[in-house]
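So the structure is just underneath, and the comments pick up after that.
Note that these values count all heavy atoms, side chains included, but never hydrogens, waters or copies made by symmetry.
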Amino acid sequence: MLIANDRNNNRIYANSGIKYNECFCPDCSEMLIHRVGKHNAPHFAHRPNSNCAYRMDKDSKSPWHIHMQDLFPIESLERRFYDEKTGELQYIADVFLEESNTVIEFQHSPISDEAFANRTLFHNSKGRRIVWVFDESKPDSEYGRLKESEYGFLGDWIHCNCEFDWPRSPRKVLKSILTIKEMDLLPHYSICVYYGEQDTVHRIIRHDMNYTSILFSVHPIVLGADMDVDDFFKPESHWLSQSPYKDRIEEHNRIEKEKKEAANAKASRELWEMVMAASNKRGPRL
């Protein structure tokens with residue numbers, strides 16, 4: 001947990017450089033332990049006998065998870081969302097960027113279908129956009145746990161280097177709320193993968209039914225406080241229209257258009273020849 005409250009219910013931050021002796025959970029109000037050591041990132045933790053429902057989820061974040069959150073303004077971290085009728089806490093977002101109305105969730109450990117679907121639909125139903133970033137990094141591996149695709153079922157001539165197999169497939173939870181294959185057309189929902197590039201994630205724009213094959217956008221997204229959050233949701237056509245792809249696309253489309261026109265002309269000519277041959281075979285009408 002990176003955020004706690006002081007005795008006066010003011011938000012305090014684990015990495016502020018101050019060692020807090022009195023810090024309290026914003027959810028259960030229990031006193032926390034402020035852990036500041038040489039090996040682990042500063043964080044707040046519940047005591048072992050705590051009954052807080054959010055203790056296991058928020059106390060045991062991986063170093064990757066904490067690093068990703070630290071890329072964003074501290075006031076955007078661990079933002080809480082409550083039930084409008086009961087006032088009960090529903091979810092704690094890893095990052096909530098209020099100006100763009102966007103939630104970002106970093107997922108290093110497994111998540112259940114139900115938890116994934118409920119969290120996503122909760123935010124979407126309230127008009128918030130949501131981005132999921134799955135950690136698939138692996139030491140000494142260029143693409144982490146992903147493997148370059150050998151078959152290229154999803155790609156095309158421009159995306160030939162963007163298609164990967166997702167062996168863990170791991171991410172069967174993704175099927176729980178969405179089966180549409182052209183994901184880059186969705187204005188409120190974005191799935192990204194981190195495979196090891198420094199602070200950079202790749203957005204899935206196309207996939208097969210089980211997410212065992214995925215296709216990334218040509219545009220990698222670098223995370224940070226100054227990033228354009230809309231990059232998570234722009235259609236692939238936006239990125240393809242920019243250099244260096246624009247000239248290549250125009251040339252490709254011109255060639256394809258000429259091929260299509262030539263094929264249509266050939267088909268029309270062959271059809272006309274067949275009609276004339278059939279007519280000559282029947283002979284003149286009396």
Inset, instruction - Would you check, one step at a time, whether the test side-chain contact (heavy atoms from CB on, under 4.5 Å) holds for Thr212 with Trp166? - result: CA-CA 5 Å; Thr212 53; Trp166 204 350; 5.6 Å; no
Legend entry - N/O donor-acceptor pair under 3.5 Å between Asn10 side chain and Asp6 backbone: no
Legend entry - Residues in salt bridge (Lys or Arg N to Asp or Glu O under 4.0 Å) contact with Glu98, at least two apart in sequence or another chain: Arg79
Legend entry - Nearest heavy atoms of Ala225 and Pro73, plus distance in Å: CB-CD, 3.9 Å
Inset, instruction - Would you please indicate yes or no on a ring centroid separation below 6.0 angstrom for Tyr91 and Phe81? - result: no
Legend entry - Side chain Glu163, main chain Ser149, donor-acceptor under 3.5 Å: no
Inset, instruction - Check each of Val201, Ile191, Ile204 against Phe134 using the side chain to side chain contact (heavy atoms under 4.5 Å, CB included) test, and report the only one that passes. - result: Ile191
Inset, instruction - Take the angle between the ring planes of Tyr195 and Phe216 and call it parallel below 30°, perpendicular above 60°, tilted in between. - result: tilted
Inset, instruction - Output yes when a side-chain donor or acceptor of Gln90 lies under 3.5 Å from a complementary backbone atom of Glu84, and no otherwise. - result: no
Legend entry - From CD (Glu105) to CD (Gln69), nearest 0.5 Å: 8.5 Å
Legend entry - Linked, directly or transitively: Met68 and Val222 (ILVMFWY side chains, under 4.5 Å): no
Inset, instruction - Verify whether one side chain among Arg203 and Ser190 offers a donor that lies under 3.5 Å from an acceptor in the other. - result: yes
Inset, instruction - Indicate whether any N or O donor in one side chain lies under 3.5 Å from an N or O acceptor in the other, for Asn51 and His46. - result: no
Inset, instruction - Return yes if some donor-acceptor pair links the side-chain N/O of Thr200 with the main-chain N/O of Gln198 below 3.5 Å, else return no. - result: yes
Inset, instruction - Under the salt bridge (Lys or Arg N to Asp or Glu O under 4.0 Å) rule, collect the residues that match up with Arg7, sequence neighbours excluded. - result: Glu22
Inset, instruction - Rounded to the nearest 0.5 Å, what's the gap from CD on Gln107 to CZ on Phe116? Could you check? - result: 9.0 Å
Inset, instruction - Assess whether atom NZ of Lys260 is packed by more than 12 heavy atoms of other residues, nucleotides or ligands within 6.0 Å. - result: no
Inset, instruction - Assess whether side-chain contact (heavy atoms from CB on, under 4.5 Å) is satisfied between His159 and Val218, documenting all intermediate values. - result: CA-CA 7 Å; His159 290 87; Val218 296; 3.7 Å; yes
Inset, instruction - Go through the steps for Val95 and Leu71 under the test side-chain contact (heavy atoms from CB on, under 4.5 Å), then give the verdict. - result: CA-CA 10 Å; Val95 174; Leu71 296 174; over 6 Å; no
Legend entry - Distance-only polar pair, side chains of His65 and Asp94, donor-acceptor under 3.5 Å: yes
Legend entry - Joint cluster assignment, Phe24 & Leu89, ILVMFWY side-chain distance < 4.5 Å: no
Legend entry - Distance (rounded to the nearest 0.5 Å) between Ser217 OG and His238 NE2: 9.5 Å
Inset, instruction - Tell me, yes or no, whether the heavy-atom count around Asn15 atom CG, taken from other residues, nucleotides or ligands under 6.0 Å, exceeds 12. - result: yes
Legend entry - Joint hydrophobic cluster, Met31 plus Tyr13, side-chain heavy atoms closer than 4.5 Å: no
Inset, instruction - Give a yes or no on whether Glu270 atom CD has more than 12 heavy-atom contacts from other residues, nucleotides or ligands under 6.0 Å away. - result: yes
Legend entry - Rounded distance (nearest 0.5 Å) linking atom CZ of Arg129 with atom CD1 of Ile104: 9.5 Å
Inset, instruction - Tell me, please, which residues at least two apart from Tyr194 pass ring pair (Phe, Tyr, Trp, His ring centres under 6.0 Å). - result: Trp64
Inset, instruction - Answer yes if Ile18 and Ile12 sit in the same cluster of Ile, Leu, Val, Met, Phe, Trp and Tyr residues linked by side chain heavy atoms under 4.5 Å apart, and no otherwise. - result: yes
Inset, instruction - Give, for atom CG of Asp208 and atom CG of Asn210, the distance between the pair rounded to the nearest 0.5 Å. - result: 6.0 Å
Inset, instruction - Ignoring hydrogens and angles, tell me if any N or O in the side chain of Arg119 forms a donor-acceptor pair with the backbone of Ala117 under 3.5 Å. - result: no
Legend entry - Verify same cluster id: Val229, Leu77 (apolar side-chain graph, 4.5 Å): yes
Inset, instruction - Mind telling me whether Phe72 and Phe106 have parallel, tilted or perpendicular rings, with 30° and 60° as the class edges? - result: tilted
Legend entry - Pro167 versus Leu146, closest heavy-atom pair with distance: CD-CA, 4.3 Å
Legend entry - Donor-acceptor under 3.5 Å (His34 side chain, Tyr20 main chain): yes
Legend entry - Note, Met276 side chain near Trp272 side chain (heavy atom, < 4.5 Å): yes
Inset, instruction - Locate the shortest heavy-atom distance separating Ala115 from Ile111; write the atom from each residue and the value. - result: CB-CG1, 3.8 Å
Legend entry - Heavy-atom closest contact (Leu32 atom, Arg47 atom, distance): O-NH2, 4.2 Å
Inset, instruction - Tell me, with the steps shown, if Arg128 and Phe122 meet side-chain contact (heavy atoms from CB on, under 4.5 Å). - result: CA-CA 9 Å; Arg128 290 184 286 271; Phe122 171 79; 3.3 Å; yes
Inset, instruction - Looking only at non-hydrogen atoms, find the nearest pair between Ile130 and His123 and report the distance. - result: CD1-CD2, 3.9 Å
Inset, instruction - Identify the heavy atoms of Thr102 and Ser100 that sit nearest to each other, and give their distance. - result: OG1-O, 2.9 Å
Inset, instruction - Tell me yes or no: between the side chains of Gln242 and His219, is some donor less than 3.5 Å from an acceptor? - result: no
Inset, instruction - First locate atom CE of Met227, then atom CG of Asp199, and finally report the distance between them rounded to the nearest 0.5 Å. - result: 11.0 Å
